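Notes for the one structure printed next.
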Amino acid sequence: MITQRPKGTQDILPGESARWQRIERSMREICALGGYREIRTPVFEHTELFQRGVGDTTDVVQKEMYTFTDKGGRSITLKPEGTAGVARAFLEAHLEAEPLPCKMYYVFSPHMRYEKPQAGRWREHHQLGIEVFGAKDASCDAEGIKLAMDQLQACGLTKLRLEINSIGCPACRAEYTERLKAFLSPKLDKLCKTCCDRFERNPMRILDCKDPGDRALVQDAPAPLDCLCGDCREHFEALQRYLTALSIPYTVNPRTVRGLDYYTRTVFEVFLDIEEDFPALTGGGRYDGLLASLDGPDVPGFGFGMGEERLLLALDKMGIVEPESPVYDALIVTLGDEARTYGLVLADALRRRGVRCDIDHAARSMKAQMKYASKTGAEKVIIIAGDELSKGVVKLRDMNTKEELELSREQLIKQLSKE
RNA sequence: GUGGGUGUAGUUCAGCGGUUAGAGCGCCAGGUUGUGGCCCUGGAAAUCGUGGGUUCAAAUCCCAUCACUCACCCCA
């Protein structure tokens, strides 16, 4: 029990960390090219931030938060999503007083939600993503979506499906909610239980229900798209023009609504277009009212989060496996204490010249050390034992050709470090 | 929170009422007294998830519990 990780968590083991680093490196490079700089925020925040920022009626806040009271009596919540914390940091540091837009990205940001784990869903997962404050034009949305697609493609994914939608501003939302309720109220008794609750609380989410009965009932329901005000309509049309200009294929899915309250206008999701059940790799959109709802200035925002675990899962699914590169360039095989001392110093000298190498720290037999070298994939083995010590040489063995050379210490260092 | 499946060496699994619970892979050692991959030999390694019950007898049947897993809800 003591050696068992908590439910829904996972370890990233030494053999796996390289692939995480790879996707994070590409995200950093892509973001840097667009002027995004990294932001890091705490893993926990005041509970109220999420209640107000994400929305009190959302499932995330209502039933999925890790909330506890700390020793000072404060209600603290482990962050269930990334945007609220970044918004808080932006406001606290008064970044609105600096040149806008403020373009930020994050990588390997842990998110915690108390839910039942399953394929592609964990209690702790990691996201990379962007947040932009102070850019209201749809070109910002298009650029952000392009960045998400670029990142997915840079990791090797193809067959991606981008779905976009607009859920309007608070003004169109109010009108839409009224029309939706008018449409649904005669059918209220036929909706599933959760949707009956949603009818009062957050009727737009009924569109997203997976219940087949509800789906049929909602088939002809008005969509948020039908109720957009002039400005929102223009914003959405502009977004599509920009996406087309950037040659990004997309489909408009009028049913895409998001589970977090702060979204306005643009929402989007990206799926792996190969498997129906595969969960969204990325989700995001515009949140023009978020800062104001946190008592901040009226500064618009846009962002997305991408699940790193899901991204890696998608790579597995698509059979995209980067070959693991060996940990060592060379291993130093020694026999006896004198040789080990010599090897230890030699390893230090080689490392200073950029050669990844190691010596045996377990006083194992030569056979065992050779076996180890073979298993770890080292291409060269440097042998140092009684013969070599007395002759004042080291032996360099090529593990592929089996060729062995007797070299002086200086020759060896020179040969390995120039490679 | 709701529902299904599965828990046996490090790992993948076999055994499904009857001696001392097995195999492949992995690990360690030897065959080769200083040389890896292939081969051969040997070894270490399992409170059969946990607790209770049925039985002369339980890894095997029953109940509970925990864990893992898949799906729903929701989300990355």
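Keep in mind that the numbers below use all heavy atoms, side chains included, and drop hydrogens, waters and symmetry copies. Everything numeric here is computed off the predicted structure, so don't read it as measured data. In the text below, chain A, chain B and the rest are named by the order of the sequence lines, each starting its count at 1.
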With P as the reference atom in both, quote the distance from B/G22 to B/A67 in angstrom, rounded to an integer.
-> 32 Å
Taking a pair as Watson-Crick or G-U wobble with both distances under 3.5 Å, which nucleotide is matched to B/A29?
-> B/U41
Rounded to whole angstrom, note down the P distance from B/A57 over to B/G30.
-> 48 Å
No-H, no-angle donor-acceptor pair, A/E115 side chain to B/A76 base, under 3.5 Å | yes
Has the side chain of A/Q369 got a donor or acceptor atom sitting under 3.5 Å from an opposite partner on the base of B/U35?
-> no
A/R5 side chain near B/A67 phosphate (N/O to OP1/OP2, under 4.0 Å) | no
With no hydrogens and no angle check, do the side chains of A/Y105 and A/E131 hold a donor and an acceptor under 3.5 Å apart?
-> no
Rounded interatomic separation in angstrom, taking CG from A/L152 and C1' from B/A76 = 11 Å
Pair assignment for B/A59, Watson-Crick or G-U wobble, requiring both distances under 3.5 Å | none
Select base, sugar-phosphate, or nothing to describe what A/G129 touches, counting heavy atoms under 4.0 Å on all strands.
-> nothing
How long is the line joining OH of A/Y372 and C1' of B/U35, in whole Å?
-> 17 Å
Can you tell me, in whole Å, how much space there is between the P of B/U35 and that of B/G42?
-> 23 Å
Given side-chain contact (heavy atoms from CB on, under 4.5 Å), test A/I382 with A/L416 step by step and report yes or no.
-> CA-CA 11 Å; A/I382 298 155; A/L416 287 183; 3.7 Å; yes
Thinking salt bridges, do A/R52 and A/D295 make one under a 4.0 Å N-O criterion?
-> yes
B/U65 P sits how many Å from A/K7 NZ, rounded?
-> 14 Å
Looking at A/D288 and A/K136, does any basic side-chain N land under 4.0 Å from a carboxylate oxygen?
-> no
Sugar-phosphate only, base, or nothing, as touched by A/D277 at under 4.0 Å among non-hydrogen atoms | nothing
With A/R364 as the cation and A/Y372 as the aromatic partner, state whether NZ or CZ is under 6.0 Å from the six-membered ring centre and within 45° of the axis.
-> yes
Going 5' to 3' along nucleotides 2-12 of chain B, which nucleotides have protein heavy atoms under 4.0 Å from the base (write B), which only from the sugar-phosphate (write S), and which from neither (write -)?
-> BB---------
What nucleic acid atoms does A/E81 come within less than 4.0 Å of, heavy atoms only: base, sugar-phosphate, or nothing?
-> nothing
Give none if B/A21 has no partner; otherwise give the nucleotide forming a Watson-Crick or G-U wobble pair with it, both distances under 3.5 Å.
-> none
Between B/C70 (C1') and A/F278 (CZ): distance, integer Å = 15 Å
Using purine N1 to pyrimidine N3 plus N6-O4 or O6-N4 for Watson-Crick, or N1-O2 and O6-N3 for G-U wobble, both under 3.5 Å, which nucleotide pairs with B/G34?
-> none
For A/A119, which contact category applies under a 4.0 Å heavy-atom criterion: base, sugar-phosphate, or nothing?
-> sugar-phosphate
When rounded to the nearest Å, what value does the distance between C1' atoms of B/G15 and B/U69 take?
-> 23 Å
Which part of the nucleic acid, if any, lies within reach of A/K402 when heavy atoms closer than 4.0 Å are counted: base, sugar-phosphate only, or nothing?
-> base
By nearest nucleotide on RNA chain B, pick out whichever of A/P279 and A/P117 is the more 5' one.
-> A/P117
The answer to which of A/G307 and A/G8 contacts RNA chain B further toward the 5' end, by nearest nucleotide, is A/G8
Are A/D137 and A/Y242 close enough that a side-chain donor and a side-chain acceptor fall under 3.5 Å?
-> yes
So does A/Q4 reach the base of B/G49 with its side chain, donor to acceptor, closer than 3.5 Å?
-> no
B/A67 - base-pair partner by Watson-Crick or wobble geometry, distances under 3.5 Å = B/U6
For B/C72, which nucleotide in any strand shown is its Watson-Crick or wobble partner with both distances under 3.5 Å?
-> B/G1
Short side-chain N/O contact to B/U35 OP1/OP2 from A/K371, under 4.0 Å | no
Write down the distance between CD (A/Q151) and P (B/A76), rounded to a whole number of angstrom.
-> 17 Å
Do the rings of A/Y66 and A/Y114 sit parallel, tilted or perpendicular, given the 30° and 60° boundaries?
-> perpendicular
Could you work out the separation of B/U60 and B/G51 based on their P atoms and round it to a whole Å?
-> 12 Å
Base, sugar-phosphate, or nothing: which does A/T58 touch, judged by heavy atoms less than 4.0 Å apart?
-> nothing
Taking atom P of B/U33 as reference, at what distance in whole Å does atom CG of A/D387 sit?
-> 14 Å
Spacing of A/K63 atom NZ relative to B/G1 atom P, expressed in whole Å | 11 Å
Under 3.5 Å side-chain donor-acceptor pair for A/E309 and A/H126 | yes
Indicate whether the side chain of A/E124 and that of A/Q10 have a donor and an acceptor atom separated by less than 3.5 Å.
-> no
May A/H111 be described as stacking on the base of B/A76, applying a 5.5 Å centroid limit and a 30° limit on plane angle?
-> no
Span that lies between the P atom of B/C70 and that of B/C28, in whole angstrom = 32 Å
Which part of the nucleic acid, if any, lies within contact of A/R258, taking any heavy atom under 4.0 Å across all strands shown: a base, the sugar-phosphate backbone alone, or nothing?
-> sugar-phosphate
Could you please name the partner base of B/A14, counting Watson-Crick and G-U wobble pairs only when both distances are under 3.5 Å?
-> none
Name the nucleic acid region contacted by A/G82, choosing base, sugar-phosphate or nothing; use a 4.0 angstrom heavy-atom cut-off, strictly under.
-> nothing
Quick one: label A/L260 by what it contacts on the DNA or RNA (base, sugar-phosphate, nothing), any heavy atom closer than 4.0 Å.
-> sugar-phosphate
Does OP1 or OP2 of B/C70 have a side-chain N or O of A/Q118 closer than 4.0 Å?
-> no
Quantified in whole Å, what is the P atom distance between nucleotide B/U50 and nucleotide B/U11?
-> 15 Å
Counting side-chain heavy atoms from C-beta on, which of B/C68, B/G36, B/G34 comes nearest to A/K367?
-> B/G36
Distance-only side-chain donor-acceptor flag, A/Y262 / A/T83, under 3.5 Å | yes
Which whole number of Å gives the distance between the C1' atom of B/G17 and that of B/C72?
-> 38 Å
Decide whether A/T282 and A/E269 meet the rule of one side-chain donor and one side-chain acceptor closer than 3.5 Å.
-> no
Send over the distance from A/L335 CG to B/U33 P, rounded to a whole Å.
-> 12 Å
Within the structure shown, what part of the strands sits under 4.0 Å from A/E388 by heavy-atom distance: base, sugar-phosphate, or nothing?
-> base
